[in-house]
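Any value given below was found using the heavy atoms of this structure, including those in side chains, with hydrogens, waters and symmetry copies removed. A, B, ... follow the sequence lines: proteins, then strands. Residue 1 opens every chain. Since this is a predicted model, take the numbers as computed values, not measurements.
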Amino acid sequence: MRYQKPKGTADILPGDTEKWRFVEDTARKLFKTYQYREIRTPMFENFEVFSRTSGDTSDIVTKEMYDFKDKGDRHISLRPEGTAGVVRAFVENKLYGPEYNKPYKVYYMGPMYRYERPQSGRLREFHQIGVEAFGSDSPVLDVEVISMAINLFKKLGLSDLRLTLNSLGDKTSRDNYRAALIEYLEPHFEELSEESKVRLHKNPLRVLDSKEEQDQQFVADAPSILDYLTDDAKAHFEQVKQQLDLLGIDYVVDSTMVRGLDYYNHTIFEVMTQSKSLGHGYTTICAGGRYNGLVEELGGPEVSGVGFGLGIERLLLLLQDEQVSMPNDDDLDVFVVGIGEAANAMTLKVVQAIRAKGFSSDRDYLDRKPKGQFKIADRLNAKYTLTIGESELESKTAHLKKMASGEEITVTLEEVQQDFQSIIESKFSNKK
RNA sequence: GCGGUAUUGGUGAAGUUUGGUUAACACACCGGAUUGUGGUUCCGGCAUGCGUGGGUUCGAGUCCCACAUACCGCCCCA
């Protein structure tokens with residue numbers, strides 16, 4: 001094996017691509033019903049697009065960015081997530097303009113890149129499906145986005161998921177809470193993990209996210225952000241919860257849930273699963289939230305946004321683990337068995353004619369004997385085989401066999417090319 | 001970025017403890033079993049090579065070193 005794919009990448013082969021399309025098609029159909037339209041943005045952007053939006057202290061920017069200088073000495077980064085690029089496009093194309101309906105609702109799906117140690121379901125090149133909605137502060141929009149995520153999982157056949165909810169409030173809420181949190185943690189500084197010591201002043205909220213056992217005791221008794229929400233922020237969160245209740249969507253509030261990316265505020269949510277395929281306990285399969293202020297951060301007007309993203313690789317692992325049946329596209333209508341050199345041309349003609357009518361059809365290309373060809377037809381799961389040999393050429397007929405029942409009938413070469421549909425509908429005795 | 005485990009045909013793999021000369025077995029695949037008909041059965045074929053590169057040795061798939069990749073854990077997250 002001379003060449004191998006770059007570390008952390010994967011070839012998605014026939015057999016898997018059908019599953020990918022099933023997921024993508026399901027998402028597209030669902031998003032359509034919510035009136036979200038597809039947007040495609042570049043796979044790479046100026047480094048600053050991500051560093052500005054994700055936060056300088058975020059792990060994505062500090063160690064996971066796949067960045068490089070191009071030949072024009074531009075600092076480029078492969079996108080580590082979808083939101084920043086969409087926001088940049090939103091601003092650059094002035095999609096906030098009066099001629100566009102608000103909220104402006106889009107979805108995307110495609111590859112993302114993070115430079116990190118690969119593990120199952122976590123590659124350097126991975127794929128996300130995400131949605132973003134710009135231009136409304138209404139809690140209804142938060143709820144719509146959440147319900148869309150939940151419905152997507154439902155459509156895919158997944159239940160047993162947990163929706164976790166929290167609010168980070170607005171800037172004032174966050175500043176107040178930040179101060180309170182530092183005040184609470186400061187006395188315990190020496191007892192915190194190394195990691196958390198660093199975070200305490202840079203981004204204290206993320207101490208709450210620590211998995212270190214020594215931090216857990218402090219996290220448990222830490223002040224709750226929900227107690228520091230301003231009246232506005234509180235009202236927003238209350239309405240989100242009320243409307244989720246109204247829709248019958250279950251959730252749990254986890255006041256210690258935070259985000260790796262700095263741009264979130266107000267409602268944040270995660271869809272979690274207990275499936276062992278992604279690790280023990282509850283793990284996150286989909287994450288989203290509100291990011292008011294992000295559009296301004298990238299030079300746009302004061303327009304709010306809300307969205308979510310989910311990883312396709314992880315989702316597929318989950319679907320496989322939960323044994324959700326997925327369609328496979330490899331069915332074959334007719335395999336045309338040609339016998340002898342004389343039948344070669346007619347075989348080609350018939351295959352083409354049947355294809356032209358919209359049926360899938362295939363034939364032998366390796367000069368296999370009839371027995372071999374039938375074997376192939378069987379392996380390809382052909383519904384019918386059509387046999388053409390010298391005697392058939394002479395009588396201008398062919399033998400059409402229904403593989404499931406073994407029933408074989410004689411048809412003319414003319415009709416099989418002209419109207420395959422009505423042959424299979426009417427000429428077999430035990431139709432189904 | 002750190003730690004652990006692994007890497008043998010198209011696939012699953014045995015063999016690595018005790019270095020020794022034909023790399024087991026199975027599946028898949030290909031060919032054949034009265035000259036033109038499938039899922040069973042039988043027979044035959046199928047790795048000059050054991051991730052890559054060095055080294056130790058009379059001799060290495062088996063020992064040592066480096067590198068690559070995969071998986072698991074940390075970190076973090078999708």
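Both G406(A) and A287(A) lie near RNA chain B, and the one whose nearest nucleotide falls closer to the 5' end is G406(A). In terms of position along RNA chain B, the nucleotide closest to G8(A) lies nearer the 5' end than the nucleotide closest to the other residue of the pair G8(A) and C286(A).
Rounded to an integer number of Å, the gap from R124(A) CZ to rA70(B) C1' is 12 Å. Rounded to an integer number of Å, the gap from D367(A) CG to rC30(B) P is 15 Å. Rounded to an integer number of Å, the gap from D378(A) CG to rG39(B) P is 7 Å. With rounding to whole Å, L380(A) atom CG is found 13 Å from rG39(B) atom C1'. The distance from atom CZ of R368(A) to atom C1' of rC30(B) is 9 Å, rounded to the nearest whole Å. Separating the CD atom of Q4(A) from the C1' atom of rU7(B) is a distance of 11 Å, rounded to the nearest angstrom. Here the P atom of nucleotide rC71(B) and the CD atom of Q119(A) are 8 Å apart, to the nearest Å. Between D364(A) atom CG and rC30(B) atom C1' the separation is 14 Å, expressed in whole Å.
Here, rC50(B) and rG45(B) have their P atoms 24 Å apart, quoted to the whole Å. For rU8(B) and rA26(B), the C1' atoms lie 16 Å apart once the distance is rounded to whole Å. rA47(B) sits 15 Å from rA28(B) when the C1' atoms are compared, rounded to a whole Å. Comparing the C1' positions of rG9(B) and rG15(B) gives an interatomic distance of 15 Å, to the nearest angstrom. Rounded to a whole angstrom, the distance from the C1' atom of rA13(B) to that of rU18(B) is 23 Å. Here the separation of rG59(B) from rG19(B), taken at their P atoms, is 16 Å to the nearest Å. rC27(B) and rC71(B): their C1' atoms are spaced 24 Å apart (whole Å). Between the C1' atoms of rG10(B) and rC46(B), the separation comes to 10 Å (whole Å).
A salt bridge links E38(A) with R40(A): the closest approach of a Lys/Arg side-chain nitrogen to an acidic carboxylate oxygen falls below 4.0 angstrom. The existence of a salt bridge linking R355(A) and D362(A) is confirmed by a sub-4.0 Å separation between a basic side-chain nitrogen and an acidic carboxylate oxygen. Salt bridge absent: E407(A) and K401(A) never bring a charged side-chain N and a carboxylate O closer than 4.0 Å.
In the set rA70(B), rU37(B), rG1(B), the nucleotide with an atom closest to the side chain of F374(A) is rU37(B). Counting only heavy atoms from C-beta on, T284(A) has its side chain closest to rA78(B) among rU37(B), rA78(B), rG1(B). Picking from rC77(B), rG39(B), rG4(B) the nucleotide with the shortest atom distance to the side chain of R117(A) gives rG4(B). When distances run from any side-chain atom of R114(A) to the nucleotides rG1(B), rA70(B), rA78(B), the shortest one goes to rA78(B). Ranking rG36(B), rG38(B), rC30(B) by closeness to the K401(A) side chain, first place goes to rG38(B). Listed nucleotides: rU37(B), rU69(B), rC77(B). Nearest to the side chain of K7(A): rU69(B).
Once rounded to the nearest 0.5 Å, the distance linking CD of Q119(A) with CD of E116(A) reads 8.5 Å.
Scanning atom types as modelled, no donor and acceptor separated by under 3.5 angstrom connect the side chain of K369(A) and the base of rG36(B). Residue-to-nucleotide contacts include no donor-acceptor pair under 3.5 Å from the side chain of T385(A) to the base of rG38(B). Counting atom types as modelled, E64(A) pairs no side-chain N or O with a base atom of rG1(B) as donor and acceptor under 3.5 Å. Within 3.5 Å, no donor on the side chain of E270(A) pairs with an acceptor on the base of rA78(B), nor the reverse. One donor-acceptor pair, N or O on each side, does fall under 3.5 Å between the base of rU37(B) and the side chain of E408(A).
As the counterpart of rC63(B), rG55(B) is assigned, both hydrogen-bonding distances of the Watson-Crick or G-U wobble pattern falling under 3.5 Å. Using the Watson-Crick or G-U wobble rule with both distances under 3.5 Å, rA24(B) pairs with nothing in any strand shown. Across all strands shown, rG45(B) forms a Watson-Crick or G-U wobble pair, both distances under 3.5 Å, with rC29(B). Judged by Watson-Crick or G-U wobble contacts below 3.5 Å, the nucleotide rU18(B) has no partner. Base pairing of rA13(B): no nucleotide in any strand meets the Watson-Crick or G-U wobble criterion (both distances under 3.5 Å). Using N1 to N3 plus N6-O4 or O6-N4 for Watson-Crick, or N1-O2 and O6-N3 for G-U wobble, each under 3.5 Å, rU5(B) pairs with rA70(B).
Residue-level contact check: E116(A) touches the bases, meaning some heavy atom is under 4.0 Å from a base atom. G82(A) comes within 4.0 angstrom of no nucleic acid atom, judged by non-hydrogen atoms across all strands. Contacts of L400(A) with the nucleic acid, taken as non-hydrogen atoms under 4.0 Å apart, are absent. Across all strands, R379(A) comes closer than 4.0 Å only to sugar-phosphate atoms, never to a base (heavy-atom distances). Residue contacts shown for L310(A) are absent, as no nucleic acid heavy atom lies under 4.0 Å away. Among the protein residues, G340(A) comes within range of no part of the nucleic acid, since none of its heavy atoms lies under 4.0 Å from any strand. If you check every strand for non-hydrogen atoms under 4.0 Å, E392(A) touches a base.
H127(A) and W20(A) have perpendicular rings, their planes meeting at more than 60° on a 0 to 90° scale where under 30° would count as parallel. Note on ring orientation: taking the six-membered ring where Trp is involved, the planes of Y66(A) and Y115(A) are perpendicular (angle over 60°, cut-offs 30° and 60°).
The shortest non-hydrogen separation linking Q373(A) to G338(A) is NE2-O, 2.9 Å.
Syn is the glycosidic conformation of rG9(B), whose angle stays within 90° of 0.
Side-chain contact between Y384(A) and F359(A): absent, with no pair of heavy atoms (C-beta onward) separated by less than 4.5 Å.
Look at K371(A) and you won't find any side-chain N or O under 4.0 angstrom from OP1 or OP2 of rU37(B).
Side-chain polar atoms of Y34(A) and N151(A) form a donor-acceptor pair below 3.5 angstrom.
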